[in-house]
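Working notes, beginning with the structure itself.
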Amino acid sequence: MPITGAVVLLPATPQERQAVVTRLSRDSRVLLGPEMGGRLAIVVEAPSTHEGQELLKSVQAMTGVGAVLPVFHDFSDEHPEVEPRSEE
Amino acid sequence: MDRRDFLRQMAMTAASAAVTGSVEAQRSVVPLGSSPRDGVTWNKAPCRFCGTGCHVQVGVRQGRIVAIQADPQAEVNKGHLCVKGYHVGLAPYGPDRLTRPLLRRNGELVPISWDQALDVIAERIQRNPAGFALYGSGQWTIPEGYAGTKFVKAGLGTNNIEANARLCMASAVTGFLATYGVDEPASCFDDLDRCDVMICWGNNPAEMHPVLFSRFLDRRSRGERTTLVDIGTRRTRTTGFADHYLEFKPHTDTAIALGVMALLVREGTYDRRFVENHCAFRAPQADSPTLQGEAIDFEAWKARVAEYTPERVQEISGVPAREIRRLAELFGNRDLRIASFWCMGMNQHTAGTAINSLVHGVHLLSGHWGREGDGPSSLTGQPSACGTVREVGTLVHLLPGGTLVAKPEHRAAAERRWNVPAGRISDRIGPHTVEMFRRFCLPADQGGDIDTIWVQVTNPGQTMPNATEYFDRSRELEGKFLIVSDVYPTLTTRAADLVLPSAMWVEKNGMFGNSERRTQQWFKMIEPPGEARDDCWQILAVARRLFDRGFETMRDADGKFLFHMEDERGREVPTWDFRRYYDINVDERLFEEYRGFSTTKHKNLAPYGEYVRARGLRWPVVETDDGTWRETRYRFVEGEDPFVPQGDGFQFYHSTSEDDRAQIWFHPYTPPPEVPDEEYPFWLCTGRVLEHWHSGTMTMRIPPLRRAMPQAYVELHRDDARRLGIAQGDLVRIESRRGHLDITAWIDGRGQPPRGSVFVPFFDERLRINLVTLHEYDPFSKQPDYKKCAVRIRRAPRGAST
Ligand code: SF4
């Protein structure tokens, strides 16, 4: 199961900021870290890189979120899938 | 604590370090070279992809990359990555790596040995050295580019070397040269942390330079007041964060810049002192204009720009006059710090040199120049477009260190440094990229004097404009031979006569130079697959094969091999034998030789060892009295740039007017070469997407990125779609005077072009939009315009497929 560390640039307004934190804290795949200066550290453990990425994308799409910036990615448990594009 | 706990802790430590920025947290992130309990060894490298040059720490276990961590000590990315960088560790592991040399026989690519491949190349070159060209890229490492330049210019005695940066950065180069007399930004990414206003001139950093954009956005999250102005031809992700969006008709950005300058003068809000002390004025000559142009005085310049009233600019560009006034007011306010950034939108433009020069001019005229957060900067798409192509000089008119083929004294200096006889370097400038491929696509008796092109680290089969005429045609001609070194099969390798498998990124030693003059270094960490080998080795091996076959100019003035290298005991190292290539650090040898060129244009570089220690250094890098090496954040600025004398404030010491002044240009607005008409009523713009890097060779083989953006599409406006009976997901035919493409419609997608305009990304080799694009180029930079041509749109005929 890949492990991802990321930083969320939180919304500037308190309500939007709270909505993002609440949403993340309710997700069992997410571990919340420190928040400082509008930035929140998180760790995501999802069954696949794909699922982890979808989760980050959905956070990115929340109102007011500036960006979700990955900082760490361990994919040693996951082997890249074979997807030769030339055959399509 | 088990392994997962340990990894979880590392991930949290890295994220916390990036959030708090605390030294303690950064220190506790796994240090380089350590082998923590799970047997992972970490080492530093710049990301393989874009010109931002983020640093990553690469975790390797048992010869395989298993983890990637943003480097918290890297000034560029401050511990962050974008989605591409986060997956960069998967880039080498696509299932279809090229692992053996392949030669086309009876129409099929069949495996051959390296020895045979080297003979094939040597024979082609020996048969017609003048007809041979080397075509590389801004993904060449610095030593690779340097080896290529020396091979062609000193070894073959021609200037037939080009790089794909011609297609993405050349107009930025000519803009810098025309304005400051020397290439590359004077300012740096630190502007993002300090500017009050960020202006994006036709670029989309939220997708193309996300880590840089987040440096700016981060300040908003912290509650700082900042203003973002997005000047573009379609709404993008960047527009979503903008305070002001100025949508202009394609090609009319020159009018916007002229309008701002006219208002600054009319309102008296320009910086009179800065202009009087540090600027001169230029305009293109009426006949046969040159990059130097002609000097004009302030009054003559003023009279020309005065024509561009806000109302006239509105008429030309479609941007409301009040928005032009607002932009001019921002520039007229000296209390603000204004940073302008741009990329392909201003460069891939038949008036690319003009708009680049004019944006510099807006900053110079308004005095928004030379303070932290206050200046103009171009961004690059490739990791070493600056470090390799522009600084090493892998272009037909350049010699290393920004020196010029056209200057006899520069040729003589290069000949001395390379220890080759006087006159070895040709004074004939070779064909630029578009011209090179045009000649490659013509029969010899019709001016097609280029008969062999060796492509390394790029994919012209996908990226040349008007690809039928400027690439495919060559494949139908007798006597044309295409050699391609790459890591994966591409449209170019599939069309090649000879394919060479290359090592990539951390499968070899390397150095890149990013968009802020930062030179970065890394060491080889994993083995390349099969028989894949370093591109630099390939060049040295071909040079040696020619030497062995008696090709005289592969010798220096003492009769030694041009790339002669010795070990510490003075014994020659046969670097052309791949088994011995890593006996010494070839990168270091080549870099130290190249470094000697860097002082002529004040692009001074530090010794190789300094880059091993640092997360990159921005040139000029000079040695201080205490023996340490100091980088430069802001050029031409007293106290920052070591070459500006005390008391001068600013000094443009490569001034083309030879009086230490920068040039403020007038370029009139000129219409584009092709505009929509009744037959072809739409504008077509092409570009990139967040998930894929350029032609998609690597990122389309990274499953999460490919899934996130599986194929190219055409964005169009909902009103146009409705009028043409096109629904979301329909197959649409896009047709220009040059070719057509059937592609899926995306209405109200990620980007939103205005009515009468469509956008197609170019990353997808199955959907080659460059069959449709135009080959016209800027007269000074020779960079083609991928951002606009006329097309028509309709639902694809029945039976068509993507
Ligand atoms: S692709 Fe560019 S922005 Fe993204 S991590 Fe790599 S260098 Fe940084």
Side-chain angles (χ1 to χ4, degrees), chain A residues 1-14 16-17 20 31-46 48-54 56-57 60-61 63-88, chain B residues 4 7-8 10-21 29 38 40 59 61 64-70 72 77 79-83 85-87 89-90 93-96 206 210-211 213-214 217-218 220-223 241 488-489 494 696 700-708 765-766:
Chain A
M1 198 150 64
I3 294 184
T4 299
V7 173
V8 183
L9 302 189
L10 293 167
T13 66
E16 288 173 354
R17 190 175 288 213
V20 174
L31 191 63
L32 293 188
E35 181 195 335
M36 188 188 278
R39 315 161 112 230
L40 174 68
I42 58 170
V43 171
V44 175
E45 277 182 89
S48 67
T49 300
H50 176 58
E51 193 179 311
Q53 200 191 348
E54 287 300 308
L56 296 183
K57 262 169 76 178
Q60 166 86 64
T63 311
V65 169
V68 178
L69 298 159
V71 298
F72 180 92
H73 186 203
D74 180 282
F75 44 88
S76 52
D77 287 349
E78 196 181 47
H79 294 288
E81 297 117 280
V82 176
E83 285 191 35
R85 65 176 174 162
S86 51
E87 287 165 22
E88 291 186 7
Chain B
R4 286 207 69 76
L7 290 171
R8 208 174 289 127
M10 277 181 71
M12 184 55 85
T13 307
S16 304
V19 162
T20 61
V29 172
D38 61 345
V40 177
R61 191 173 60 192
R64 192 178 171 90
I65 302 171
V66 293
I68 288 291
Q69 180 179 302
N77 49 314
H80 301 140
L81 292 174
C82 80
V83 68
Y86 159 75
H87 289 110
L90 295 170
Y93 300 119
D96 53 348
V211 167
F213 193 57
S214 72
L217 286 184
D218 196 17
R220 287 188 173 178
S221 299
R222 292 200 301 262
F241 295 97
Y488 287 113
R494 287 187 199 105
M700 281 292 269
R701 288 178 169 86
I702 296 177
L705 295 177
R706 187 194 168 104
R707 265 196 302 261
E765 69 171 18
R766 300 159 303 181

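Between chain A and the residues B/G59, B/G94, B/G89, the largest count of heavy-atom pairs under 4.5 Å involves B/G89. Options A/V7, A/L10, A/V8 differ in how many heavy-atom pairs under 4.5 Å they form with chain B, and the most are formed by A/V7. In terms of heavy-atom pairs under 4.5 angstrom with chain B, the leader among A/P11, A/G37, A/G33, A/A6 is A/G37. Listed options A/G5, A/P70, A/P34 were ranked by heavy-atom pairs under 4.5 angstrom with chain B; first place goes to A/P70. With chain A as partner, the option from B/G79, B/P210, B/S214, B/A206 having the largest number of non-hydrogen pairs under 4.5 angstrom is B/S214.
For B/I65, the parts lying under 4.5 angstrom from a heavy atom of chain A are both the backbone and the side chain. If you measure heavy-atom distances from A/I42 to chain B, the contacts under 4.5 Å come from the backbone alone. Proximity to chain A involves both the backbone and the side chain of B/R8, based on heavy atoms less than 4.5 angstrom apart. Heavy-atom distances place the backbone of A/V65, and not its side chain, under 4.5 Å from chain B.
Every ring pair (Phe, Tyr, Trp, His ring centres under 6.0 Å) that B/F213 has, sequence neighbours left out, goes to B/F241. In this view, A/E54 and A/H50, A/K57 satisfy the side-chain contact (heavy atoms from CB on, under 4.5 Å) rule, not counting sequence neighbours.
Expressed to the nearest 0.5 Å, how far CG of A/L69 lies from CG of B/D218 amounts to 8.0 Å. Between A/R17 atom CZ and B/S221 atom OG the span is 7.0 Å, to the nearest 0.5 Å.
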Problem - Stepwise side-chain contact (heavy atoms from CB on, under 4.5 Å) check, B/H87 with A/F75 - result: CA-CA 9 Å; B/H87 289 110; A/F75 44 88; over 6 Å; no
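Between B/V211 and B/L81, the shortest heavy-atom contact is CG2-C, 3.5 Å.
Using a 3.5 Å distance cut-off with no hydrogens or angles, the side chains of A/E51 and A/S48 do not pair a donor with an acceptor.
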